[in-house]
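Being a predicted model, the structure only gives us computed values, none of them experimental. In listed order, ligands and their atoms are each counted from 1.
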Amino acid sequence: MLTAIEVKPDVYWVGGLDWNARSFHGYTTEDGITYNAYLIMDEKVTLIDTTKAVYADELLQRISNIVDPAKIDVIIANHIEMDHSGAIPAVLEVAKDAQVYASEPAGVRELAAHFGIEGDRVHGVKTGDTLSIGKRELTFVQTAMVHWPDNMVTYSPYDKTLFSNDAFGQHFASGPRFDDEVDYHEVMLQAKKYYANIVQPYGPQTDKAVAAVREIGLENIELIAPSHGVCWRTHIADVIAQYEHWCKGEVVERAIIAYDSMWGSTDKIAHAIADGFMARSIPTKLMDLKVNHASDIMMDMLDAKYVCVGSPTLNSQMLPTVAAFLTYMRGLSPKNAHRVGLAFGSYGWAPLGPKNVAKVLEETGFNMPVETVAMNWIPSQEDLDAIRDKVADLIEAGLALNE
Ligand code: FEO
């Protein structure tokens, strides 16, 4: 029988660990994935969230370590996306009388749509509603669009614990269940990658959710228990501060250069652009799409002011690798009043690759203060040296946005 891990007195982690998952909807998960569920042993035995369906047996085994799953009285479904709700039907098979709580109206509707779970056993809750389960009175706060319309978080004042679901999560499978038991930089990096690839499109809504957390008061939160990754108990202030920075879309003086190349000309331009930023002491990262995954680039560009994207021209278009990256990036809505874009690339007879890149960057909402760098055939050393001036102009325009 698998282990349940106590995260607070009478509160247990009973989730599923997918150590070898390397992708979540195409986002690379080099540290695996955790599907967290929490069991609260009170007068009413309460389960907060479940797991992906294939981890139902793992979930029930961990619960069985503490209590017969048939005795579960309450299931709180903070979010109906299947990585958290997939095992609800299996739990209900065993816990025949369990009542299910989900946000009203979206969560209730989604429960019916996904699993046909509806009727008297389903209870819709809204922000400010409470549920007494014995010594504990749980409070619900709806956090719509962090990251589906139904999302909510559950706060237990008795445990000073916030069950935050997707918010503050990380795709990070680990034996230890707390932030201070794993490498700090690794967990913060995975929290950033998670935000960049999952939560980023909903920055304004997340900002409101973080404000609600602030309202509870840091002095009243000893544990943030998300539905992915480790629980935060030591670095709570740090992760909240990072979320505030990310969800406001704040950028710093940093440059990301993402590109692909056919015969090396666009690669030369990319390196010349990188050198231009380095000459001005701007931290820079050059990421060839042949060897860097889009989800890693999104993490790196989350708070980078300068985003340069390059493609040569192939059959009057940009390269498909660049088009795929831009489609992914655009969906994550990284627009920002202070972000500066630059398109670049080479061409033989028509500069349509870099021009199409520029069009997408403009449509995504980036400031595009300097002309696209489009170079015919193979750039000369003189051409490459001239790029440094162009980058200097870009930086000046970027600095002006700070005023
Ligand atoms: Fe982890 Fe939006 O589900």
Side-chain angles (χ1 to χ4, degrees), residues 13-19 21-38 47-56 58-59 75-89 91 100-103 106-111 113-115 117 140-154 162-174 177 187 190-210 212-213 224-232 239 243 246-247 295 298-299 328 331-333:
W13 173 83
V14 289
L17 282 169
D18 190 347
W19 299 94
R22 290 295 176 266
S23 172
F24 185 85
H25 305 166
Y27 145 18
T28 55
T29 55
E30 54 279 355
D31 285 335
I33 296 179
T34 322
Y35 305 103
N36 295 338
Y38 300 93
L47 180 64
I48 299 195
D49 290 319
T50 65
T51 60
K52 201 171 167 179
V54 292
Y55 291 92
E58 186 166 334
L59 170 75
I75 300 172
I76 293 172
N78 278 323
H79 179 25
I80 314 300
E81 190 165 11
M82 283 88 84
D83 47 342
H84 309 294
S85 66
I88 293 178
V91 176
V100 186
Y101 293 77
S103 72
V108 171
R109 265 196 228 125
E110 289 173 27
L111 264 178
H114 283 77
F115 309 108
I117 300 170
F140 304 105
V141 179
Q142 290 174 297
T143 53
M145 299 317 297
V146 188
H147 113 269
W148 274 15
D150 64 295
N151 275 81
M152 66 177 190
V153 300
T154 301
L162 180 73
F163 299 95
S164 65
N165 198 266
D166 276 341
F168 309 113
Q170 333 94 48
H171 279 327
F172 189 13
S174 61
R177 295 284 85 230
V187 71
Q190 291 302 346
K192 183 178 182 184
K193 186 167 180 179
Y194 189 88
Y195 183 91
N197 287 281
I198 302 280
V199 186
Q200 182 171 198
Y202 315 110
Q205 294 90 336
T206 311
D207 200 22
K208 280 190 202 147
V210 174
V213 173
I224 294 181
S227 288
H228 296 293
V230 295
C231 295
W232 302 92
V239 73
Y243 256 66
W246 297 330
C247 64
S295 56
M298 290 314 300
M299 178 186 69
Y328 185 70
L332 290 168
S333 304

**Item:** Main-chain N/O of Tyr194 paired to Gln170 side chain as donor or acceptor, under 3.5 Å
**Value:** no
**Asked** Short check: any N/O/S atom of Glu81 below 2.8 Å from atom 2 (Fe) of ligand 1?
**Response** yes
**Message:** How large, to 10°, is the angle at atom 1 (Fe) of ligand 1 when you draw lines to OD2 on Asp83 and to OD1 on Asp166?
**Reply:** 170°
**Message:** Classify the ring geometry of His171 against His228: parallel below 30°, tilted from 30° to 60°, perpendicular beyond 60°.
**Reply:** perpendicular
**Message:** Taking ring pair (Phe, Tyr, Trp, His ring centres under 6.0 Å) as the criterion, tell me which of Phe172, Phe24, Tyr55 meets it with Tyr35.
**Reply:** Tyr55
**Request:** Calculate the angle formed at atom 2 (Fe) of ligand 1 by ND1 in His147 and NE2 in His79; 10° precision is enough.
**Result:** 110°
**Request:** Using atom 1 (Fe) of ligand 1 as the apex, give the angle to atoms NE2 (His84) and NE2 (His228), rounded to 10 degrees.
**Result:** 90°
**Request:** Would you name the heavy atoms of Gly16 and Glu58 that are closest together and state the gap between them?
**Result:** CA-OE2, 3.3 Å
